[in-house]
Amino acid sequence: MKITRIETFLVPPRWLFCRIETDEGIVGWGEPVVEGRAEVVRAAVDVLAEYLIGQDPLRVQDHWQVLSKGGFYRSGPILSSAVAGIDQALWDIAGKAYGAPVYALLGGALRDEVRVYAWVGGDEPAGLADEIAAQVEAGFTAVKMNAAARTSPIPTPAETAAVVERVAVAREILGPDRDVAVDMHGRFGPAAARRVLQAIEPLHPLFVEEPLLPEQGQLLAALVGATSVPIATGERLYGRAEFLPALHA
Ligand SMILES: [Mg+2]
């Protein structure tokens with residue numbers, strides 16, 4: 001089997017999909033995109049397609065190695081997202097070629113169910129309570145919210161209090177049997193992140209996400225050590241090596 005054609009489809013407002021076609025009629029789909037950079041990732045897929053045309057699509061790992069590590073410049077959001085979407089499409093082709101779901105090719109099913117949370121915004125306090133109540137009504141046992149939309153790297157006492165107030169509103173609606181998680185998106189400076197974490201700690205967040213920017217990974221261990229709130233991160237890390245500081249934290 002050979003790859004004969006790779007197309008990309010930009011779907012407004014922010015999605016990109018790729019379709020890989022083979023000479024045996026099997027087609028695979030993937031989603032090579034990173035938020036806000038769909039057109040740049042599309043260009044990267046076009047460049048990588050030059051290597052893939054004519055290749056055997058079932059050498060999925062081989063292609064991943066070449067596309068990820070074969071060039072002098074590696075990783076980063078654009079290249080990693082382009083390769084990830086192509087990888088998905090190649091696995092899709094492999095699943096269809098072998099007549100098996102991709103999870104079977106990757107080692108078999110692991111979980112029969114998984115707990116999920118609902119996103120409730122939180123950039124603006126208005127409407128937050130209604131949104132949380134609606135998600136509780138819909139049956140969710142956890143929600144995730146933004147800590148703040150615009151905030152200073154070193155927030156004023158009022159800005160910090162506003163964050164606490166927002167999380168407190170969520171906790172009051174959710175009660176002790178449901179959870180609220182808070183995404184900081186790296187919007188606070190390292191010192192302020194620690195301060196805000198301590199301020200919302202009594203409200204028992206399920207976790208706080210991205211308290212630091214991805215390039216501040218060396219500060220993560222100290223932050224984790226300064227709070228009992230579980231820390232989530234990794235949304236803007238690419239490749240195993242970039243996860244090392246987080247794993248050590
Ligand atoms: Mg996030």
Side-chain angles (χ1 to χ4, degrees), residues 13-16 31-38 40-41 75-82 84-85 88 114-125 127-128 131-132 134-135 140-153 155 159-160 162-164 166-171 174 178-201 203-224 226-249:
R14 55 184 243 184
W15 297 289
L16 183 73
E31 187 183 8
V33 75
V34 64
E35 211 174 325
R37 294 286 183 270
V40 189
V41 179
S75 193
I78 305 303
L79 179 62
S80 299
S81 300
Q88 289 164 6
V114 63
R115 189 183 180 198
V116 296
Y117 62 75
W119 172 248
V120 291
D123 272 353
E124 302 302 331
L128 182 63
E131 183 64 28
I132 295 170
Q135 298 301 351
F140 284 94
T141 62
V143 298
K144 190 171 88 174
M145 57 185 282
N146 280 351
R150 285 182 195 82
T151 185
S152 319
E159 285 176 318
T160 302
V163 174
V164 175
R166 247 174 257 198
V167 181
V169 164
R171 173 52 72 204
L174 293 164
R178 298 184 190 87
D179 278 306
V180 57
V182 180
D183 199 336
M184 290 190 175
H185 301 290
R187 286 173 182 167
F188 301 100
R194 182 185 291 214
R195 185 178 281 170
V196 173
L197 269 169
Q198 285 170 352
I200 61 175
E201 198 169 278
L203 296 164
H204 294 274
L206 177 64
F207 60 83
V208 164
E209 183 170 327
E210 276 200 316
L212 299 171
L213 289 167
E215 59 267 34
Q216 293 166 333
Q218 80 282 5
L219 303 174
L220 205 53
L223 195 76
V224 168
T227 180
S228 68
V229 178
I231 301 298
T233 194
E235 185 175 347
R236 287 184 277 178
L237 299 177
Y238 312 95
R240 285 176 296 181
E242 291 184 31
F243 279 89
L244 255 187
L247 293 173
H248 284 144

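Computation of the quantities below employed the complete heavy-atom set of this structure, encompassing side-chain atoms and omitting hydrogens, waters and symmetry-equivalent molecules. Every number for a ligand or one of its atoms is a count from 1 in the order of the listing.
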*When you look at Asp179 and Arg171, which way does the side-chain contact (heavy atoms from CB on, under 4.5 Å) test go after all the steps?*
CA-CA 8 Å; Asp179 278 306; Arg171 173 52 72 204; 4.0 Å; yes
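You'll find the side chain of Pro190 stays beyond 4.5 Å of the side chain of Leu223, heavy atoms only. Using a 4.5 Å cut-off on side-chain heavy atoms (C-beta onward), Leu197 and Met184 make contact.
Annotation: protein N, O or S atoms under 2.8 Å of the Mg ion (ligand 1) (waters excluded) comprise Asp183 OD2, Glu209 OE2, Glu235 OE1.
Just one of Leu203, Thr141, Val143, Val169 meets the side chain to side chain contact (heavy atoms under 4.5 Å, CB included) condition when paired with Leu174; it is Val143. With Pro211 as reference, Ile231 is the one residue of Thr227, Ile231, Val182 to meet the side chain to side chain contact (heavy atoms under 4.5 Å, CB included) rule.
No donor-acceptor distance shorter than 3.5 angstrom exists from the side chain of Glu131 to the backbone of Val120, with no hydrogens or angles considered.
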